[in-house]
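Before any comments, here is the structure.
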Amino acid sequence: IQADPEMKRAKVFESVLEGLKRRSLQHPVVIFLDDLQWADESSLSLIHYISRNIQDSRILVLGTFRPEEADETSQLRNIMKLMNREGILREIRLPRLDRESSEELIHALSTDVVMRKMDGLEPLDREFIEVASVYGYEFDPKIVSDILEIRRIEAIRMQRRLQESKGILVAFNDKLSFDHRGYREAVYSALPESTRKDYHLIIAEFMEESGHDDPFELAHHFYMGKSKRGIPHMLKAAERAKDQYANMEAINFYKMVMEMSVPETDEHMFATLSSVEMMELVGELDKLLEFLKEHSPLLKDDFLCKAMTIKGTIETRMGNDDDAHQSFKVALSATDEGSEAWRGLMGAMGVHEYRHGNFEKSEELLLSRLEATPVDDTLGLAESNRGLGALEYYRGKLEDARRYWKKAYDTYTELGDIRKAAQMANNLSLVSGNLLDYQAGLEWSKESMAIFNKIGDKKGTAAGHNNVGVVLRHLGRFEDARK
């Protein structure tokens, strides 16, 4: 006689329950079940049966499911409704992890894996990995081996061991890298802060003494090692980043110098002024003004003059005339008449005056700048031509404006100052359009925007687009102009 299927299932359920209860007499029991949205009817019934009969036992049933994969009519939802009515269900809704939380979870899992691997390493192997983690995700094994004074043959054996049996490192051209970025971060973060600092400094000093010429790596390791010895490398890295139009990276290196150097020294003031100039370049004007509120009290002489000249120029553009006048006043009190900083200030004040229709005062300021510029100061003469061109443009003397700006453009190009050359190309686009020379206007705009895009000058790029729009409007290409 065949047993009733329902009776067989009941016996199975009862056997499972009794087994769990016996186990719970020895210690608490947690049953964890994942992806319950895929569970069949029998499995869900067993969960329901167990949950109904463990009220006085040290047993917890914990299950997870994806709500989006279990609609209201699914078997799981029906069982959950029933259990809820019986008072034996507690539902906890977990939101999706955001990007930051997901990265934290991945980091935690990576840390657990790699630290178990690290625990099985020989002391020298472990030290090699720790120094390598401070060097970076990708590193030169020879440098790490030399720092630890490991004989070459032993270093080769060690590297092979760490690649083949431990799976922590992988070969990458003539370098090594960690098998996963999380591995490197796990090892690095597990080191005491003082050890990380010491290793960074040891790596920096070794690189410097062995003639390593990458200013970015030297700046990074000296900075992390908290050594003022790295200031020249930080300045060099900032200038190199600036030359490569990595503007935000340049700002970060200048700020490193500010942090490491003594306030009111030339190094500190140069880095502060350079940060201001770079922030103005990338269009972070609000940040720049906040930055100057904090740091301008630590500037003096020509450094203060130049910084406040930039501040006044920005305030002029923003229409904050009272603030601009005050900034120019501070700048004027900080420098000597005829100096490079003074000449730049005269140019900025001249711009302020012609923007407000004070052409005679503007001309007086701009000509005083020109007269004070040495004949061998090619850049200074270009700056004067630039200012005079702007004055003539606002006066409506467009051919004179184009002549001055073309001279400035030629000089900037010859000096390799492509940012200022692009600004002049932008101005030449505008004045050419006003003179009805639309084709020339388009050509100048294309040239200026190509450079602005290359160097990351957002304000310049926007001005270039605007000028193209103006020219296209004159040509009757209204849809293109609107774009």
Side-chain angles (χ1 to χ4, degrees), residues 1-121 163-168 170 178-187 189-190:
I1 299 173
Q2 286 190 340
D4 182 350
E6 286 299 320
M7 289 183 63
K8 286 180 64 177
R9 189 167 79 159
K11 286 185 177 180
V12 171
F13 284 10
E14 188 175 346
S15 296
V16 173
L17 176 63
E18 288 304 316
L20 291 171
K21 284 186 172 182
R22 284 196 299 272
R23 181 64 62 87
S24 70
L25 294 174
Q26 302 169 15
H27 53 71
V29 174
V30 176
I31 305 165
F32 174 67
L33 303 162
D34 196 13
D35 285 329
L36 285 177
Q37 72 274 9
W38 304 121
D40 58 25
E41 188 271 337
S42 293
S43 300
L44 292 171
S45 296
L46 175 59
I47 294 169
H48 183 201
Y49 178 81
I50 293 171
S51 302
R52 265 203 331 257
N53 294 283
I54 57 173
Q55 301 305 303
D56 299 324
S57 303
R58 298 188 299 171
I59 300 173
L60 170 67
V61 180
L62 180 64
T64 63
F65 71 99
R66 296 177 184 272
E68 66 274 16
E69 296 179 10
D71 60 38
E72 291 302 318
T73 62
S74 66
Q75 293 177 338
L76 174 62
R77 290 288 191 183
N78 291 333
I79 288 287
M80 289 175 63
K81 290 173 187 175
L82 182 58
M83 292 172 68
N84 194 46
R85 286 197 297 270
E86 295 171 350
I88 59 174
L89 173 71
R90 181 184 176 192
E91 184 175 357
I92 302 172
R93 293 183 175 272
L94 301 177
R96 287 182 176 275
L97 294 178
D98 57 24
R99 183 181 182 86
E100 182 179 351
S101 299
S102 297
E103 289 175 351
E104 286 180 7
L105 176 60
I106 293 169
H107 177 68
L109 294 173
S110 298
T111 300
D112 183 58
V113 171
V114 76
M115 295 317 293
R116 284 204 302 269
K117 291 186 176 185
M118 290 286 287
D119 288 341
L121 295 181
Q163 290 178 69
E164 294 176 356
S165 62
K166 299 301 179 181
I168 297 175
V170 293
F178 284 83
D179 190 44
H180 188 281
R181 287 191 181 275
Y183 286 6
R184 182 259 167 185
E185 292 165 7
V187 177
S189 60

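Residues Leu17 and Lys21 have side chains in contact (heavy-atom distance under 4.5 Å, counting atoms from C-beta outward). Contact check for Thr64 versus Leu94: no side-chain heavy atoms found under the 4.5 Å cut-off. Counting heavy atoms from C-beta outward, Phe178 and Glu185 have side chains that stay 4.5 Å or more apart. Two residues are said to be in side-chain contact when any heavy atoms from C-beta on lie closer than 4.5 Å; Phe65 and Arg77 meet this criterion. Residues Leu20 and Ile54 are not in side-chain contact: their nearest non-hydrogen atoms beyond the backbone lie 4.5 Å or more apart.
Enclosure of atom CD in Glu18 by more than 12 non-hydrogen atoms of other residues, nucleotides or ligands within 6.0 angstrom is indicated. Within 6.0 Å of atom CG in Asp56, 12 or fewer heavy atoms from other residues, nucleotides or ligands are found, so the atom counts as exposed in its surroundings.
Asn78 pairs by the side-chain contact (heavy atoms from CB on, under 4.5 Å) definition with Lys81, not counting sequence neighbours.
Nearest heavy-atom pair, Gln55 versus Arg52, reported as atom, atom and distance to 0.1 Å: CG-O, 4.1 Å. Contact between Arg58 and Ser24 at its shortest, heavy atoms only, is NH2-O, 2.8 Å. For the pair Ala39 and Ser43, the tightest heavy-atom approach, listed with the atom from each and the gap, is CB-CB, 4.4 Å.
One finds the CG atom of Leu62 at 8.0 Å from the CD1 atom of Ile92 (value rounded to the nearest 0.5 Å).
Asp35 and Gln37 form a side-chain donor-acceptor contact under 3.5 Å, judged by distance and modelled atom types alone.
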Evaluate side chain to side chain contact (heavy atoms under 4.5 Å, CB included) for Leu46 paired with Arg9, printing each intermediate quantity in order. CA-CA 9 Å; Leu46 175 59; Arg9 189 167 79 159; over 6 Å; no
